[in-house]
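Below is one structure, written out as structure tokens, with a few remarks after it.
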Amino acid sequence: FTCHGLDWQRAKWGPTEKAVIQLGELASAIFPHEKICVSGALTDYYYEKYRVRSEKIVNGVEIKEKISPGGCCEKFNLSKGNYLLFVGRMVPEKAPDILINAFKTVQTDKKLVIIGGDAGAGDYYPSLKEIAKNDTRIVFTGYLYEKQLQELYSNALCYVSASGLEGFPITVLEAMSYELPQVLSDIAPHREIMNLNRDMGIIFKTGDTESCKSAVEGILAENPGRIEQMGQNAVNTVREHFSWSNIAHLTDRVYRK
């Protein structure tokens, strides 16, 4: 059994759905011979709640080639280094509303690009556009894939996430693989990544708009040399800790028990 996150914590589930998911979680603690969790926070959770030990094997990411600005940047009027980037489903636990409200109060000509779309969270996605409607610096692209996503990762200034709930954030690892500094909320999975190298970006208080604003202002105040160094630290951390070959080896070892 592999646990990628505590799904019952998501806002979209009602009491009955949460109870069913928690029943499945109980089964996952009792029946499998071996258990894998993708973060230290999850291994701690399973031990503290169920007194069962599990293997920590994190998610991995492929390091792809960076590409120059092209049609996607042109479509959204973006240029290299002139925007901050967030990628994710538009749901309350990802807290893009915190990020948008914080960015609106930042004095900058940089843009905030939000990649993602409606994820079945009722009127939440339209409400985000309503919050941002008077700020032309905030760009909603909807869902993007493959080359378009690669293009916007490749040319961003940094990656920023105000998320309040993650199992282990693939989008953060992807952004790191594109040499992007990180501006992240201080939830346990984010801290687990940032603790591998404290010089990859800035951590701010989860759910705190003012703290998010200060972190964004902090990254924007950095000179290009520092931005480049933080980005190099990020991609080097991916190479050292999040390579698929190492993760596959660790997973294979567990199954061969």
Side-chain angles (χ1 to χ4, degrees), residues 1-64 87-95 116 119-121 143 145-146 149 153 159 161 163-178 182 184-197 200 206 234-235 237-257:
F1 166 78
T2 300
C3 178
H4 287 268
L6 305 178
D7 203 73
W8 57 267
Q9 293 181 340
R10 301 191 189 282
K12 64 180 179 179
W13 301 124
T16 302
E17 292 90 342
K18 287 180 186 289
V20 171
I21 295 168
Q22 287 173 317
L23 183 62
E25 179 182 287
L26 176 61
S28 76
I30 294 172
F31 295 113
H33 297 100
E34 296 290 341
K35 304 161 190 69
I36 297 171
C37 291
V38 297
S39 72
L42 289 171
T43 59
D44 290 346
Y45 172 84
Y46 267 82
Y47 184 74
E48 289 166 7
K49 184 167 184 177
Y50 301 108
R51 285 297 182 263
V52 297
R53 299 192 182 279
S54 54
E55 297 272 357
K56 173 189 165 183
I57 303 179
V58 298
N59 291 319
V61 66
E62 179 184 357
I63 297 178
K64 295 182 179 179
V87 181
R89 293 175 296 112
M90 298 297 110
V91 291
E93 56 264 27
K94 299 286 186 182
Y143 287 111
Y145 305 96
E146 298 178 352
L149 185 59
Y153 267 130
Y159 185 80
S161 172
S163 183
L165 177 65
E166 298 285 346
F168 202 76
I170 294 288
T171 52
V172 170
L173 300 184
E174 287 178 340
M176 289 167 59
S177 77
Y178 283 97
Q182 304 296 303
L184 305 174
S185 57
D186 65 352
I187 58 174
H190 286 166
R191 284 189 278 107
E192 191 170 325
I193 293 170
M194 294 292 278
N195 284 343
L196 296 171
N197 188 325
M200 294 191 294
T206 303
V235 73
T237 300
V238 168
R239 289 192 181 101
E240 183 176 354
H241 297 280
F242 302 106
S243 73
W244 276 123
S245 59
N246 184 49
I247 289 160
H249 171 74
L250 293 172
T251 305
D252 179 68
R253 187 178 67 184
V254 172
Y255 274 80
R256 287 181 185 276
K257 288 183 180 180

* Asked: Rounded to the nearest 0.5 Å, how far apart are CG of L165 and OG1 of T206?
  -> 10.5 Å
* From CD1 (I21) to CD (E17), nearest 0.5 Å -> 7.5 Å
* **Heavy-atom closest pair, residues V235 and S177** => CG2-O, 3.6 Å
* What is the ring orientation for Y153 with Y178, classed by angle as parallel under 30°, tilted 30 to 60°, or perpendicular over 60°? -> parallel
* Min side-chain heavy-atom separation W13-V20 under 4.5 Å -> no
* To do: Kindly check if the number of other-residue, nucleotide or ligand heavy atoms within 6.0 Å of NZ (K18) is above 12?
  => yes
* Can you find a pair of side-chain heavy atoms, one from L6 and one from Y45, that are under 4.5 Å apart? -> yes
* To do: Evaluate the side-chain proximity of I63 to R239: yes if any heavy-atom separation is below 4.5 Å, no if none is.
  => yes
* Asked: Atom OH in Y143, atom CZ in R89: separation rounded to 0.5 Å?
  -> 7.5 Å
* Kindly indicate whether the side chain of L42, heavy atoms from C-beta on, has any atom under 4.5 Å from the side chain of F168. => no
* Asked: Atom CD1 of I187 and atom OG of S163: how far apart are they, to the nearest 0.5 Å?
  -> 4.5 Å
* Least distance between heavy atoms, P169 atom then P189 atom -> CD-CB, 3.9 Å
* Asked: How far does CD of E34 sit from OG1 of T251, to the nearest 0.5 angstrom?
  -> 12.0 Å
* Asked: Between the main-chain N or O of R191 and the side-chain N or O of N195, is there a donor-acceptor pair closer than 3.5 Å?
  -> yes
* Asked: Excluding sequence neighbours, so at least two apart, what forms salt bridge (Lys or Arg N to Asp or Glu O under 4.0 Å) with K49?
  -> E25
* Structure fact -> Separation between CG (L184) and OG (S161), nearest 0.5 Å, reads 6.0 Å
* Does F242 reach the side chain of I170, with side-chain heavy atoms less than 4.5 Å apart? -> no
* Taking the side chain as every heavy atom from C-beta outward, state whether H241 and V58 have any atom pair closer than 4.5 Å. => no
* Please report the closest heavy-atom contact between Q182 and M194, naming both atoms and the distance. => CB-SD, 4.0 Å
* Asked: Between K94 and E166, does a salt bridge (charged side-chain N to carboxylate O under 4.0 Å, His left out) hold up when you go through it step by step?
  -> CA-CA 8 Å; K94 299 286 186 182; E166 298 285 346; 2.9 Å; yes
* Asked: Got a sec: does the CH2 of W244 have more than 12 other heavy atoms crowding it under 6.0 Å?
  -> yes
* Just checking, is any N or O donor in the side chain of E240 or T237 under 3.5 Å from an acceptor N or O on the other one? -> no
* Does the side chain of I193 come within less than 4.5 Å of M176's, by heavy atoms? -> yes
* **Any P92 side-chain heavy atom under 4.5 Å of R10 side chain** => no
* Structure fact -> residues 51-62 vs side-chain hydrogen bond (donor to acceptor under 3.5 Å, both in side chains), sequence neighbours excluded, gives E55-K257, K56-E192
* To do: List in chain and number order the residues that pass side chain to side chain donor-acceptor pair (under 3.5 Å) with S39, two or more places apart in sequence or in another chain; answer none if no residue qualifies.
  => none
* Asked: Where the side chain of H4 meets the backbone of G167, is there a donor-acceptor pair that is under 3.5 Å apart?
  -> no
* Structure fact -> Closest non-hydrogen atoms of K35 and S28, given as atom of the first, atom of the second and distance, are CE-O, 3.4 Å
* Please answer whether the main-chain N or O of I36 pairs with a side-chain N or O of T2 as donor and acceptor at a distance below 3.5 Å. => no
* Mind telling me whether Y50 and Y46 have parallel, tilted or perpendicular rings, with 30° and 60° as the class edges? => tilted
